[in-house]
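Take this structure first; my questions come after.
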Amino acid sequence: MLKNVLLRPKTISAFSGYEKLSLLNQSVTNVTEKDYSFLLSILGYSSAKKVTNDGDKFLMIGDCDLTLKDGLNLKDGECVVKVTKNTIAVFGKTHQDVSNGIKMLISMQNDAGEFPVGEYRHIPKVDMRAVHFCIFRPDDGTDKERTEVQDIIYRIKKAALCGYNYVLLEFWGMFPYEKHPYAHWKNCYSREDVEKIISFAIDDMHVTPIPVQNLTSHAGWSRISSRQHVVLDQRPDLADMWIPGGWCFATTREDTKAYLRDIIQDLVTTFRNPPFVHCSCDKCFGFGSTEEERVLPADELFINHLKFLHDELKKYGSRMVMWADMLYSSLDVKYWKCAPTVADELPKDILMNIWTHNDIGEREWEDVGFFESRGFETIYSPFLGKDGARNMVKQCIKNKSLGINQTTWHRPETAMKTVVYSGGYMWCGEEPLDQAVNSKLSKEN
């Protein structure tokens, strides 16, 4: 029953087949924090009227039968959907639980527009279900897929309807920094475009957008295969803020710190005070900017800079996230691998993002244990391969880790099949059927 549904409920009761409920034209909710208009429009219904009613949160379409609330006994994080011939009701302890229930309802609606009559309960298996989208300059000459505004909005919508609750946005020289216009390309996104994307995520799809910006080095400042640098190509006079070669920040300089503080403030403000900021911190090869600093241990410079970023973000109530490989495997740097003790020197509330572009079969990623045994929470990042995604989601659930950050990098459209697959797997805790994944891919919603 409902095996081909991507966002499948864990508990099904009183199922009595599918019904066309086209005459339900009234919607009410006691949720004041969110507007469900866009999600309701996907179902073909009108905006919900706000009503005053204490207790569990709800959205009801059709007859406002408040007796459907009786005996719910909701658990934390649980969404409940009840469908009768006269009413569709969605319940949860929080507005986010109600949003999850509506998305599950959208997934359960069949191609004929019918709904399954019955009661359906679910708690998503993985807590942090994130997808990572990069946004590139369209004319930089690199091999990549489209990341225009409409493309990003479409992919956010698709991910949200596949159960994701976070979207990480990495603007590769395309974020319109206000205090430092040389920190982006001249043909970057407009402020209106960025706010449109963020508003769509928060207000319409009820997912949390998280900014990603490399605050140690390279790529987020638009060094891709073209080797261009968005800042130094436009302001070579600022070269002293980077180590020789212009790859990593000269982290001990006061002008560098002031610059990074401005960048952090702009990101946090524009993203409406996000709970996380991803600082990347990968591919960082050195930090000293003076002769004296270049004889200091690289480990010491790295620790101090990571603590600086952590403390600056904490002022805004945002938690620092970083790619964890520089602290463990140093995949991109073979001439410097920091000591294992470096991780012990860092604040334990830094969220460690375990990533790999490689499929390692059924083996487990050993760096998960390295960080979690030291008191860090972890999220894992698969890329294009279904096998790698399956392995990481299974390991995440087994270890009761915080979640998954599904990457797409320069192949966002190619990656969508894996995005849908991972979303369904994280929601259910079981591998989704190919038919469920392919059906979700082929649908507009």
Side-chain angles (χ1 to χ4, degrees), residues 125-132 166 168 170 210 212 214-220 248 276-286 297-303 305-307 309-310 319-409 415 418 422 425-426:
K125 194 67 175 178
V126 174
D127 289 337
M128 188 173 188
R129 306 177 301 281
V131 61
H132 173 218
Y166 291 90
L168 285 82
E170 184 168 5
I210 301 300
V212 183
N214 198 311
L215 300 181
T216 56
S217 56
H218 88 303
C248 294
F276 301 94
V277 172
H278 201 307
C279 299
S280 293
C281 306
D282 62 330
K283 296 181 173 66
C284 42
F285 309 146
D299 289 357
E300 180 181 334
L301 290 168
F302 194 32
I303 290 169
H305 186 56
L306 294 179
K307 286 182 176 179
L309 297 176
H310 168 273
R319 184 177 174 186
M320 177 176 166
V321 190
M322 64 177 287
W323 302 116
D325 58 295
M326 286 301 303
L327 298 171
Y328 181 76
S329 62
S330 298
L331 289 173
D332 295 306
V333 190
K334 296 306 179 187
Y335 59 82
W336 169 51
K337 180 178 181 181
C338 66
T341 54
V342 168
D344 297 326
E345 299 295 320
L346 299 176
K348 295 301 183 287
D349 60 346
I350 295 176
L351 179 57
M352 294 297 174
N353 193 168
I354 310 299
W355 75 272
T356 178
H357 289 175
N358 304 311
D359 172 29
I360 60 172
E362 293 302 315
R363 293 186 295 118
E364 295 189 349
W365 276 265
E366 296 176 359
D367 32 0
V368 174
F370 174 85
F371 288 106
E372 293 192 350
S373 68
R374 285 163 168 76
F376 295 97
E377 283 191 308
T378 63
I379 54 176
Y380 319 163
S381 282
F383 183 35
L384 291 177
K386 179 180 175 181
D387 290 342
R390 178 195 303 111
N391 191 349
M392 279 195 159
V393 175
K394 285 173 63 176
Q395 186 174 343
C396 177
I397 294 171
K398 174 185 174 183
N399 294 336
K400 298 181 180 178
S401 300
L402 183 62
I404 295 288
N405 176 27
Q406 173 66 54
T407 62
T408 64
W409 298 107
T418 308
S422 294
Y425 208 147
M426 288 187 284

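What you see is a predicted model; the values in this text were computed from it and never measured.
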* Looking at side-chain heavy atoms only, is the closest gap between Ser381 and His132 below 4.5 Å? ->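 No, too far: nothing below the 4.5 Å cut-off.
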* Looking at CD of Glu300 and CD of Glu345, how far apart are the two atoms once the value is rounded to the nearest 0.5 Å? -> 10.0 Å
* Asked: Checking side chain to side chain donor-acceptor pair (under 3.5 Å) for the pair Asn405/Thr407: CA distance, chi angles, key distance, verdict?
  -> CA-CA 6 Å; Asn405 176 27; Thr407 62; over 6 Å; no
* To do: Apply the test side chain to side chain contact (heavy atoms under 4.5 Å, CB included) to residues Asn214 and Lys283: give CA-CA distance (whole Å), side-chain angles for both, the deciding distance (0.1 Å), then the verdict.
  => CA-CA 10 Å; Asn214 198 311; Lys283 296 181 173 66; 5.7 Å; no
* To do: Apply side chain to side chain donor-acceptor pair (under 3.5 Å) to Tyr380 and Asn399, showing your working.
  => CA-CA 11 Å; Tyr380 319 163; Asn399 294 336; 3.2 Å; yes
* For a side-chain contact (heavy atoms from CB on, under 4.5 Å) with Ile404, tell me which candidate from Ile354, Val131, Val393, Ile397 qualifies. =>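 That would be Val393; it is the only one of Ile354, Val131, Val393, Ile397 passing the side-chain contact (heavy atoms from CB on, under 4.5 Å) with Ile404.
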* Asked: Under 6.0 Å between the ring centres of Phe376 and Phe370?
  ->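 No, too far apart.
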* **Nearest-0.5 Å distance, CE of residue Met322 to NE2 of residue His278** =>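 Reported value, rounded in 0.5 Å steps: 9.0 Å.
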* Asked: Looking only at heavy atoms, which two atoms of Tyr425 and Lys394 are closest? And how far apart?
  ->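 Looks like OH-CG, 3.0 Å.
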* Asked: Stepwise, does the side chain to side chain contact (heavy atoms under 4.5 Å, CB included) test hold for Arg129 with Tyr166?
  -> CA-CA 6 Å; Arg129 306 177 301 281; Tyr166 291 90; over 6 Å; no
* Would you say Asp282's side chain and Trp323's backbone share a donor-acceptor pair under 3.5 angstrom? ->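 No; zero donor-acceptor contacts below 3.5 Å.
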* Asked: Can you name the closest pair of heavy atoms from Cys281 and Leu309 and give their distance?
  ->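 Nearest heavy atoms, Cys281 then Leu309: SG-CD1, 4.2 Å.
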* To do: Over all heavy atoms of both residues, which pair between Gly220 and Glu170 is shortest? Give the atoms and the distance, please.
  => CA-OE2, 4.1 Å
* Asked: Does a side-chain heavy-atom distance below 4.5 Å link Val212 with Ser280?
  -> yes
* Say you draw a straight line from CE of Met352 to OG of Ser401; how long is it, rounded to the nearest 0.5 Å? ->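 Taking CE in Met352 and OG in Ser401, the distance rounds to 13.5 Å.
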* To do: Before giving the answer on side chain to side chain contact (heavy atoms under 4.5 Å, CB included), spell out for Leu402 and Thr378 the whole-Å C-alpha distance, their side-chain angles and the decisive distance to 0.1 Å.
  => CA-CA 6 Å; Leu402 183 62; Thr378 63; over 6 Å; no
* To the nearest 0.5 Å, tell me how far Asp127 CG sits from Lys400 NZ. => 11.5 Å
* Donor-acceptor contact present, side-chain Lys386 to main-chain Thr418, <3.5 Å ->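 Checking the backbone N and O of Thr418 against the side chain of Lys386, no donor-acceptor pair under 3.5 Å is found.
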* Going by heavy atoms in the side chains, are Val277 and Met320 under 4.5 Å from each other? -> no
* So do the side chains of Leu306 and His310 get within less than 4.5 Å of each other, counting heavy atoms only? ->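 Result no, sub-4.5 Å side-chain heavy-atom pair not found.
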* Non-hydrogen side-chain atoms of Trp409 and Phe383 separated by less than 4.5 Å ->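 Result yes, sub-4.5 Å side-chain heavy-atom pair found.
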* Asked: Do Phe371 and Leu327 touch side chain to side chain, with heavy atoms closer than 4.5 Å?
  -> yes
* Structure fact -> Rounding to 0.5 Å, atoms SG (Cys279) and CD1 (Ile350) come to a distance of 8.5 Å
* **Side chains of Leu301 and His305 in contact at under 4.5 Å (non-hydrogen atoms)** =>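 With C-beta onward as the side chain, the pair stays apart.
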* **Glu364 and Lys398 ion-paired at < 4.0 Å** =>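 Yes, Glu364 and Lys398 are salt-bridged.
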* Report the C-alpha separation of Met326 and Cys284 in whole Å, then their side-chain angles, then the decisive distance to 0.1 Å, and conclude whether the side chain to side chain contact (heavy atoms under 4.5 Å, CB included) test is met. => CA-CA 8 Å; Met326 286 301 303; Cys284 42; 3.7 Å; yes
* Is Arg319 paired with Asp349 through a side-chain N to carboxylate O contact shorter than 4.0 Å? ->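 Salt bridge flag = no for Arg319 with Asp349.
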* To do: Answer yes or no: is there a side-chain heavy-atom contact under 4.5 Å between Gln406 and Pro382?
  => yes
